[in-house]
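Structure first, then comments.
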Amino acid sequence: MTDLKKPKVGIWKFTSCSGCQQVLLNCEDELLELAEVIEIANFREASSIQLNDKYNISLVEGSITTLEDARKIQEIRTKSKILITIGACATAGGIQALRNFANVDEFRNIVYAKPEYISTLSTSTPIQEQTLNYVDAP
Ligand code: SF4
C-alpha cells in the first residue's frame, strides 16, 4: 500500500499521565504491522515530528483542564474525520476531575510554591463535553 492511500492517524495528549499512550507504544510488534496500512502522523510519545494536517482518525488521551487544552481540542476535532477517546481521563475526566468537587485555587496554593504562575481551569472535563457541538464539514 502506498503512503497516499494510507489513512492518516493522529494520537493526541491532553491532561493525563500518558499511560494510555504508553500502552499503545508497548504494542511494538503490532505497531510495526499497523504502520504498513496506516500513517501515524502525530504521536508525541513516539516521535517529535508533528504534522499540521487533516486526520482520518484521531485517538485522544487526557481531559481538558486548561484554556490551551480547550482551544486545541477544537482544532483537532475540526481536523479529524473520526475522533476516538482512549482511557478514563478522556472519557470521564480522570483522577484530575476530583477538582470538580473541590476548590482548585486551594489546591494550587497548597501544591505550588508560586501558584500565580499556574494557569488552569477550575474543572476537568471529558473530551466529549468539549466536542458535542461539533458539526462535520460538508
Ligand atoms: S486513563 Fe488517564 S490516568 Fe489512566 S492511564 Fe490513561 S492517561 Fe493515565
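Note that ligands are numbered from 1 as they come in the structure, with each ligand's atoms numbered from 1 the same way.
- Under the 6.0 Å distance and 45° angle rule, K72 counts as a cation-pi partner of F14.
- A side chain to side chain contact (heavy atoms under 4.5 Å, CB included) with I86 is found for exactly one of T91, L24, V60, namely L24.
- Using modelled atom types, one finds no donor on one side chain facing an acceptor on the other under 3.5 Å when comparing Q96 with T15.
- The closest donor-acceptor contact from the side chain of E61 to the backbone of Q21 lies under 3.5 Å.
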Distance-only criterion, 3.5 Å: show the donor-acceptor pairs between side-chain atoms of residues 105-116 and protein atoms not counting sequence neighbours.
from : atom 1 : to   : atom 2 : distance (Å)
D105 : OD1    : R108 : NH2    : 2.2
R108 : NH1    : I118 : O      : 3.1
N109 : ND2    : D105 : O      : 3.2

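- Using a distance-only test at 3.5 Å, with no hydrogens or angles considered, no donor-acceptor pair links the side chain of S63 to the main chain of S124.
- For atom 4 (Fe) of ligand 1, no protein heavy-atom neighbour is found at a distance under 4.0 Å.
- Counting only distances under 2.8 Å, and ignoring water, the protein N, O or S atoms around atom 8 (Fe) of ligand 1 are C17 SG.
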